[in-house]
Protein chains: 2
Amino acid sequence: MARIKVPNTPSIRRMPTYLHKLMQMRDEGEEFASTTAVAEYMNLDPIIVRKDFSLTGLTGMPGVGYKTKELIEAVRHYLGWDRERTACLVGAGSLGSALIGHEEFAEYGLRITLVFDSDPAKIGRVLHGREIFDVRKMRRKVKAAKPDIAVLCVPSSCAQMVADELVKSGVRAFWNFANVSLRMPDGILVQREVIAGGFAVLSAKLLRGADGKTGDKMADCD
Amino acid sequence: MARIKVPNTPSIRRMPTYLHKLMQMRDEGEEFASTTAVAEYMNLDPIIVRKDFSLTGLTGMPGVGYKTKELIEAVRHYLGWDRERTACLVGAGSLGSALIGHEEFAEYGLRITLVFDSDPAKIGRVLHGREIFDVRKMRRKVKAAKPDIAVLCVPSSCAQMVADELVKSGVRAFWNFANVSLRMPDGILVQREVIAGGFAVLSAKLLRGADGKTGDKMADCD
DNA sequence: TAGATTGTTAATCGATTAACAATC
DNA sequence: TAGATTGTTAATCGATTAACAATC
């Protein structure tokens, strides 16, 4: 009954931003990327970036930096983003729609292949190239397609019910944007996104943070 | 040039979920809330919750718990959510739309009063009761309304430009959903939301986490 | 060589967890 | 009283930061 913890969570959370910056550098033709450059972009201490890069196992070149392309691949591999993960998404409201339309996910190996909703006005319509299916067909279609992940964008009132149904259909990992903590059988992975969490941190910064008197920078990644 | 850190960031991030659960308990008529009950809901250790509650300064009753209503107020006050913050939102796409429609923000003291977009098809339309204004009118309107916060939901390619414009218009705090790290003058607060960060953690869980062999629970709040 | 940056070890800091007496 | 839970102090753990030799 012990609780599982993923080690290096803070580092893992920084990885996507590294990746984004590194891909940009690559596209601009930069053969090498130094921790100094990446750190400056993110308002971080270079030491943090160096430690994080070392997690990938890749080794850089003193005085120069890391080979940009190699580093990109190393970060991808570290996150498991070099393999494809299929996902179904439930709830094609504005949030669901935003996620489906987020092109960068494709680069991260996330492929949303199935979309469900219960709204008759939405069912049958096509969203970013995906047909929206009736949620009543969910069990059958999910059992057939066996997506790795389910992305929950349903109202919080029905999230638990939908999640239960998906577990019965064989889904073992959830990315939960609904505003509830799901109760799940052991062994099912859940990543909950609490959108208000970021606002809480911003509120704390407003309350206690930089008051304009100091000339300090604030890292924007926590 | 030292970097400012907000202390207790992990605790602060948990607060919105506490608040959500506590409000639910209050609505169900529960006069008292114990850390045990709240912790169980979130798959956390009760000690964590107790330490977090103590940050608010409120003191509970041994053997019973905390007065639910008092605790709600204490958490609100701790986050500064007992005062109203006005915000303008730029970019009325699906993500912006989702945020405007998120009713719970009102309970957290966040009032999105101004909405801007550059798309002629959107300008003039009404979204969740707010008229969408032409982004070219932004500077004038923001200078007049003086919102505390700007919520950025614009494409990453123009986020910096929009942010610069808003700083010139007097905005000093940003909630940035665009996929770029903004460069800002000292003293301007930025909270960046990296949506892919959660997916990175989920990917790591899939790669290294519970493989179904163990009967362990996984806290879903990191 | 001088300058920049890496990789690694050790020090510090802060968050989590454990232990337990106090209280309803 | 017995059971549950709080509040606090101390121990542990892990992440960040500092220091510095090694290398291009």
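Residue numbers start from 1 in every chain, and the chains themselves are labelled A, B, ... in the order their sequence lines are given, proteins ahead of strands. What you see below is based on every heavy atom in this structure, not just the backbone, and it leaves out hydrogens, waters and symmetry mates.
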> Contact class for Ser34(A) (heavy atom, under 4.0 Å): base, sugar-phosphate, or nothing?
Replying inline: sugar-phosphate
> Between Asp52(B) and Arg14(B), is the closest basic N to carboxylate O distance under 4.0 Å?
Replying inline: yes
> For the pair made of CG in Leu71(B) and P in dG7(D), what is the distance, rounded to whole Å?
Replying inline: 10 Å
>> Please give the stem ranges for DNA chain C, sorted by first residue number, where a stem is three or more consecutive Watson-Crick or G-U pairs and both donor-acceptor distances are under 3.5 Å.
In response: C:3-24 with D:3-24
>> Between P on dC13(D) and CG on Asn8(A), what's the gap in Å once rounded to a whole number?
In response: 16 Å
> Mind checking whether Tyr66(B) and Phe53(B) have ring centres under 6.0 Å apart?
Replying inline: yes
>> Measuring only between side-chain heavy atoms, which start at C-beta, is Tyr41(B) closer than 4.5 Å to His20(B)?
In response: yes
>> Can you tell whether the side chains of Arg139(A) and Glu165(A) come within less than 4.0 Å, N to carboxylate O?
In response: yes
> Pro10(B) side chain: which of dA19(D), dT6(D), dT16(C) is closest?
Replying inline: dT16(C)
> Rounded to the Å, how far apart are Glu31(B) CD and dC24(C) P?
Replying inline: 16 Å
> Contact class for Tyr66(A) (heavy atom, under 4.0 Å): base, sugar-phosphate, or nothing?
Replying inline: sugar-phosphate
>> Distance criterion of 3.5 Å, no angle test: do you see the side chain of Lys51(B) paired donor-to-acceptor with the base of dT9(D)?
In response: yes
> In whole Å, what is the span from the CD1 atom of Ile47(A) to the P atom of dA10(C)?
Replying inline: 16 Å
> When rounded to the nearest 0.5 angstrom, what distance separates CD1 in Ile72(B) from OG1 in Thr56(B)?
Replying inline: 12.0 Å
> When the distance from CG of Asp45(A) to P of dA11(C) is rounded to whole Å, what number comes out?
Replying inline: 19 Å
> Side chain of Met61(A): nearest nucleotide among dT6(D), dC24(D), dC24(C)?
Replying inline: dC24(D)
>> Looking only at the side chain of Pro62(A) (C-beta and beyond, no hydrogens), which of the listed nucleotides dT23(C), dT16(C), dC24(D) gets closest?
In response: dC24(D)
> Hey, does Ile48(A) reach any base, or is it just sugar-phosphate, or nothing, if we go heavy atoms under 4.0 Å?
Replying inline: sugar-phosphate
>> Quick check: closest heavy atoms across Lys67(A) and Phe32(A), and the distance to 0.1 Å?
In response: CG-CE2, 3.7 Å
